Each structure stands twice: as structure tokens, then as C-alpha cells.
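Predicted, not measured: the structure shown is a model, and the values here were computed from it. Chain identifiers are assigned alphabetically (A, B, ...) following the order of the sequence lines, protein sequences preceding nucleic acid strands; residue numbering begins at 1 within each chain.
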2 protein chains.
Amino acid sequence: MTATYRDVKADILDKITRGVWAPGSLIPNEVELAETYDCARATVNRAVRELADAGMVERRRKAGTRVRMAPVRQARFDIPLVRKEIEDRGARYRYALVHRDVLPAPDWLRARLKLGGRAEVLHLVCMHYADGIPYQFEDRWISLEILPQAREADFSQSGPNEWLVAEIPFSDAEISFLAVPADETLAAHLGCRAGDALFQTERSTWWQGRAITFVRLCFRPGHRMTTRY
Amino acid sequence: MTATYRDVKADILDKITRGVWAPGSLIPNEVELAETYDCARATVNRAVRELADAGMVERRRKAGTRVRMAPVRQARFDIPLVRKEIEDRGARYRYALVHRDVLPAPDWLRARLKLGGRAEVLHLVCMHYADGIPYQFEDRWISLEILPQAREADFSQSGPNEWLVAEIPFSDAEISFLAVPADETLAAHLGCRAGDALFQTERSTWWQGRAITFVRLCFRPGHRMTTRY
DNA sequence: AATGTGAATATGTTCAGGCAAAACCGGGCA
DNA sequence: TGCCCGGTTTTGCCTGAACATATTCACATT
């Protein structure tokens, strides 16, 4: 009764979670496993490789495969569009453009995105509402060197995020999560008090090594980001 | 000149990022790709499968493989042990047990972990320091139903996290990130002022479907969690 | 004792071929 | 018209074999 790679993976995982194969111990090599499960070595290889990708085991040529002492626990988060995030909760989404400006990139932004000396940027401030209640404050900076067409784009009806994903096929990004106190502006827009603790994400985005955009997203008080792993 | 699965993957990714294969469009099927790259279909399969795992493309039997409209942007975070996190920054790690108590699980915890009616829990409050400066406040609850040996464990020298990873081979978890204002206790321990915005993570952990532990980790002001994707 | 060398070994990758399963498509039938 | 039912296409998965590559270990040399 030959096993699928899923069977093999599940069984190995089971042996690890139950402690049959203790953390730090060596597990049988691929040939032996292929014999016990009566399948090809390639099947075992895929099973064990996926476990290695997931951080459950560690593999080294010749040394063999061993169960990780402390499994590298890693969490995966989906980064949705605000609109989708709100609509998925069954709430009505509303968008508003608060401010729009074209200006030379300020120093902190030039440093952050490694922009040239006289780079111009488009600065947008937007609000996202769920059922009419402030949900997220967006502080967006777009490099006009790479996306000059942003100068002409109309951001009064839909957010820059939706425009960007249509404009740029794919990109690298660096994302940070942190907590900030609300300043007067944030408090006014999010309907909270200055000093309130807000969950904030910051994202810098590049396309083919060149900076496109930096965004600061501030959520209403009490927001939490959750995942399982 | 036969290509490796890495070559194939890189080239497809390149075609996507450059917009040669636009978002939403269908890419050639595996047989065709195998011919263009002069390699086996299994090689193409691995390349494309990994791109699908990474959320770049979407595959459906018969329908073919298409470039995702809005690439499911997902970020991966490593969840390190505090000790390692601090030592990796080149700082000296210090641990301190602030409080230890055995008590019946409070209602909110019973609800959260789906514990039985008269479940007893071990409650620990700990501090983690980097170079002597408060780094993280830990509020830990351990179920004594499943881990009765925690009652006898010595948490005065090293943290409950390190004890737990040694005790439980592996587990499921749910993790949340949020921002909270510091209360008096937190302020006193972290050396900040009450009301300061703090980055907090909450984690619930299960082993084979049974709740093990709940922990609330509060970082010092200004902490940020960063990743690239 | 320290260092270099080669054999042994475990994983890494690829191949060609095949069957399985999902899903789309069109034709036949009520 | 509406529904079921094969046929076709495409990805998914497995096999058994082979070669590649990194790493360890034993052994010989310095």
C-alpha cells in the first residue's frame, strides 16, 4: 500500500509532535523511509523537504535530517487591501481623500527610500471607513520619478493602493508593525483622543530595485492582527 | 542547454515582474514550458508550484496557471525566543521572575483557551532585559491540567518559554498583534509612563487539541517588528 | 599534533513516463 | 430549455533510476 507524500509528511509530523522522534534526534534517511512507507525516494524527499521549509526539521547533506530543537516558529500574515478587509467583515467600505500635494521628497523619506537629491513625490492623505466609522488612516508617499503618471491620476474616488496594484505588476516590500500614540491629526481623523495607542504598519515598496512608495497605515484603536500557525 | 528548476522559476518570476505576463493572464502550460526551457515537465512543475506557494500565480486543473491579479501579499515573520532576539542584537540578556502564583483559571482565560470549569493554572509574570534595560514584559498562564509538572518547575533562573519548548515538542498556536496603552504595572516594569503606546503580542498554544498556555508579551516603547517579502 | 586526502554517504536535482483527479466543453436526451 | 454524461485538457502526483554536490570520517602525511 504505497503512501502519498501527504501521508508520509503527516506521519512524520505526527511522530515529531508525539515526541516519538525527539527534538534534536536524527530521523531515518530517505532510502529507509521510502522502504518503510513503500514509496519512491522522491516521494519521501518531497515530504521531508516541505517539513524542512516549514521549519520542523533541519537537513544537511551527509549529516542527515534531524528534528529541530526549537522549531523555528514562523507566522504568515495576509496583507489584504483595506477595501477587501472591510468588506470581508460584512461592513460597507467608504473612502475619502483628505489631502493631496506634490513636493520635493523630505529628508527622512529620501533616506528611507534611497531617493535622489531632487526627487519629487506625491503626498496623499486618505481615510478608510467601515460602516461610516473611521477604520484606517493612510499617509502615502509616491515617487514621481518612477511613476510620473501618478501626478495625473485621480485619487478622489478610490485609494492609491488599488491604483498601485494595477500599475505595478509586482514588487518587493519591507513591512513593519509598531504601536504609536495618536497625535492631534490622527485623533481628529480616527475619532479618538490624542495619546491613544494605535496599531500602525509601515511599508516601503520597490520595483526592480527602485523605490516606488512608502505608506504609513494607522488603524483605529483596538485593532488587532491575528493569524494561526 | 537544460535549465534547473531555479532557472525556470527565476525566469517566470522575471516575466511576471516585468509585466511580460500581465496580471490575470494565462501562462503557457507545463508541457510547453518544458519545451521552451528544454527540461522535464517535473522540473517546470516544481518551479511553478513554488511560485504558486509563494502566491505569485494561481493554478487550477484544466483551467491552467494564471498570474494573480493582486498577488496575495503575505509576510512571514519569525517568532524568535526573546533570549535569542536580544542576543542576536549583540546585547546581554537578563531574565527576572516577578511573580508566581497557582490559581483557578479566571473566566476570560477559560473562555480563551476553552478550559474546563475547575481548571487550575500557573500564572507567571516575568521581565526580559537587554543590556539591563527593560525589553519585554511577559504575562504567562500555563494550564496545570496538561502540564502538571509546571507546578514544580523552577522559573526563577530561566523563562517559561524556554522551559515550554523543551517540554512540548510542537504545537499549534494563534497569535495576535495589537497596540495597548501602558497601565501602571506595565509602566513601572518597562520604565515608561502610563498611557504610553506599547506593541503587544498575544499567543495561545495548543498541543493535540488541548490548551497549554496563553501569553501576553509587551515590548518596550518604540519596538517594531519588521520583515521583507 | 595538525593537516591534507580520498572514500563513503545523505541529500539535492533531474529525467521520462505514466496514471489520477479536477474542471471545462459539448452533445444527447428528457 | 435544462440536465446529465462522457471526452479532453491541464495540473497533481508517483515511480525508479541516475548523476550532482556537500559533508563527514578515517587514514595517511607532514
With rounding to the nearest 0.5 angstrom, report the [atom1] to [atom2] distance, [X] to [Y].
X      : Y      : atom1 : atom2 : answer
A:R68  : A:L51  : CZ    : CG    : 12.0 Å
A:L178 : B:T226 : CG    : OG1   : 8.0 Å
B:I133 : B:L190 : CD1   : CG    : 12.0 Å

(request) Let me know, please, whether A:R41 or B:A63 comes out on the 5' side of the other along DNA chain D by nearest nucleotide. (result)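 With A:R41 and B:A63 compared, the 5'-side residue is B:A63.
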Between [atom2] on [N] and [atom1] on [X], what's the gap in Å once rounded to a whole number?
X     : N      : atom1 : atom2 : answer
B:R66 : C:dC24 : CZ    : P     : 10 Å
B:E50 : D:dG12 : CD    : C1'   : 15 Å
B:N29 : C:dC24 : CG    : P     : 16 Å
A:R60 : D:dC25 : CZ    : P     : 10 Å
B:R6  : C:dG12 : CZ    : C1'   : 9 Å
B:E30 : C:dA16 : CD    : P     : 15 Å
B:K9  : C:dT13 : NZ    : C1'   : 14 Å
B:E58 : D:dT11 : CD    : P     : 13 Å

(message) Treating A:T201 as the side-chain partner and A:S176 as the backbone partner, does any N or O pair qualify as donor plus acceptor under 3.5 Å?
(response)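 Not confirmed, A:T201 side chain does not pair with A:S176 backbone.
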(message) From C-beta outward on A:R59, which listed nucleotide comes closest to its side chain: D:dT15, D:dC13, C:dT11?
(response) C:dT11
(request) Measure from the side chain of A:K62, starting at C-beta and using heavy atoms only, and say which of D:dC14, C:dA10, C:dT14 lies closest. (result)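 Among D:dC14, C:dA10, C:dT14, the one nearest the side chain of A:K62 is C:dA10.
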(message) Between A:T65 and C:dA10, is there a contact of a side-chain N or O with OP1 or OP2 at under 4.0 Å?
(response)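 Checking C:dA10 against A:T65, no side-chain N or O comes under 4.0 Å of OP1 or OP2.
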(message) Between A:T43 and D:dT15, is there a contact of a side-chain N or O with OP1 or OP2 at under 4.0 Å?
(response)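 True: A:T43 side-chain N/O within range (under 4.0 Å) of D:dT15 OP1/OP2.
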(message) With hydrogens left out and only the distance checked, is there a donor-acceptor pair under 3.5 Å joining B:R61's side chain and the base of D:dT11?
(response)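 Indeed there is one.
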(request) Could you tell me how the ring of A:F177 sits relative to the ring of B:F77: parallel (under 30°), tilted (30 to 60°) or perpendicular (over 60°)? (result)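 Tilted: the ring planes of A:F177 and B:F77 meet at 30° to 60°.
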(request) For A:R46, report the nucleic acid contact type (base, sugar-phosphate, nothing); a contact means any heavy atom under 4.0 Å. (result) sugar-phosphate
(request) Look at all strands and tell whether A:A42 reaches a base, only sugar-phosphate, or nothing, counting heavy atoms closer than 4.0 Å. (result) base
(request) Please figure out whether A:G64 or A:R49 has its closest DNA chain C nucleotide nearer the 5' end. (result) A:G64
